[in-house]
Amino acid sequence: MSAATATRLIEQSVLPYVQAQTLTGKDMLGALAECESRGVRGGAIYDWLHLAAARKAGAEVFFTLDLRDFQSLARPGDPRIEMP
């Protein structure tokens, strides 16, 4: 698949359903403190920040291809973790 085709697919099938969410410095520090207290380490910290943004946005569902990784990080009240 060419880059142009991939871009077009993303623009048509994903972007209409995505809302950008910004984490403030305070949000980031809070999320990172949670990582430390929960033992979240390495690359999982990056995943945790994605979930923090989804929580902040009030998302009901979080779609990912890394289902197992995100399910292991989810806590009560988080968006449902599903594959697209």
Side-chain angles (χ1 to χ4, degrees):
M1 173 184 316
S2 71
T5 300
T7 299
R8 187 174 63 254
L9 285 172
I10 290 170
E11 288 173 345
Q12 294 173 356
S13 63
V14 176
L15 289 182
Y17 304 100
V18 173
Q19 174 188 1
Q21 183 65 50
T22 301
L23 295 177
T24 65
K26 186 176 180 178
D27 294 331
M28 292 283 288
L29 290 174
L32 293 173
E34 285 182 297
C35 285
E36 183 177 6
S37 68
R38 292 175 163 271
V40 177
R41 306 171 87 187
I45 292 171
Y46 189 68
D47 294 345
W48 184 266
L49 293 174
H50 281 87
L51 277 178
R55 278 191 226 72
K56 182 177 178 180
E60 293 181 24
V61 180
F62 185 93
F63 290 104
T64 179
L65 297 176
D66 297 323
L67 192 63
R68 190 172 40 172
D69 291 345
F70 279 92
Q71 285 176 331
S72 71
L73 294 173
R75 59 185 192 192
D78 278 353
R80 286 187 326 276
I81 310 297
E82 296 182 5
M83 290 187 82

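Heads up: numbering here begins at 1 and tracks the sequence.
Partners of Glu36 under the side chain to side chain contact (heavy atoms under 4.5 Å, CB included) rule, at least two apart in sequence or in another chain, do not exist in this structure. By the side chain to side chain contact (heavy atoms under 4.5 Å, CB included) test, Ser2 pairs with Ala4, Thr5, sequence neighbours left out. Here Arg68 pairs with nothing under the side-chain hydrogen bond (donor to acceptor under 3.5 Å, both in side chains) rule; sequence neighbours left out. The side-chain hydrogen bond (donor to acceptor under 3.5 Å, both in side chains) check on Gln21 picks up nothing, with sequence neighbours excluded. Listed by chain and number, the residues in a side-chain hydrogen bond (donor to acceptor under 3.5 Å, both in side chains) with Glu34 are Arg75 (sequence neighbours excluded). Shown here are the salt bridge (Lys or Arg N to Asp or Glu O under 4.0 Å) partners of Arg38, two or more places apart in sequence or in another chain: there are none.
Going from atom CG of Leu9 over to atom CG of Leu15 covers 11.0 Å, rounded to the nearest 0.5 Å. Distance CD/Glu82 to CD/Gln71: 9.5 Å, rounded to 0.5 Å.
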Atom pairs and distances, side-chain donor-acceptor, residues 41-50, under 3.5 Å, sequence neighbours left out:
| from | atom 1 | to | atom 2 | distance (Å) |
| --- | --- | --- | --- | --- |
| Trp48 | NE1 | Ala31 | O | 3.3 |
| His50 | ND1 | Tyr46 | O | 2.9 |

For a quick test of your reading: what N or O donor-acceptor pairs under 3.5 Å do the side chains of residues 55-67 make, sequence neighbours left out?
| from | atom 1 | to | atom 2 | distance (Å) |
| --- | --- | --- | --- | --- |
| Arg55 | NE | Asp78 | OD1 | 2.7 |
| Arg55 | NH1 | Leu51 | O | 3.2 |
| Lys56 | NZ | Thr22 | O | 2.7 |
| Lys56 | NZ | Asp27 | OD2 | 2.6 |
| Thr64 | OG1 | Asp66 | N | 2.9 |

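A continuous path of hydrophobic side-chain contacts links Leu73 to Met83 [ILVMFWY only; heavy atoms under 4.5 Å].
Annotation: ring-ring contact (aromatic ring centres under 6.0 Å, His included) contacts involving residues 3-28, sequence neighbours excluded, are absent.
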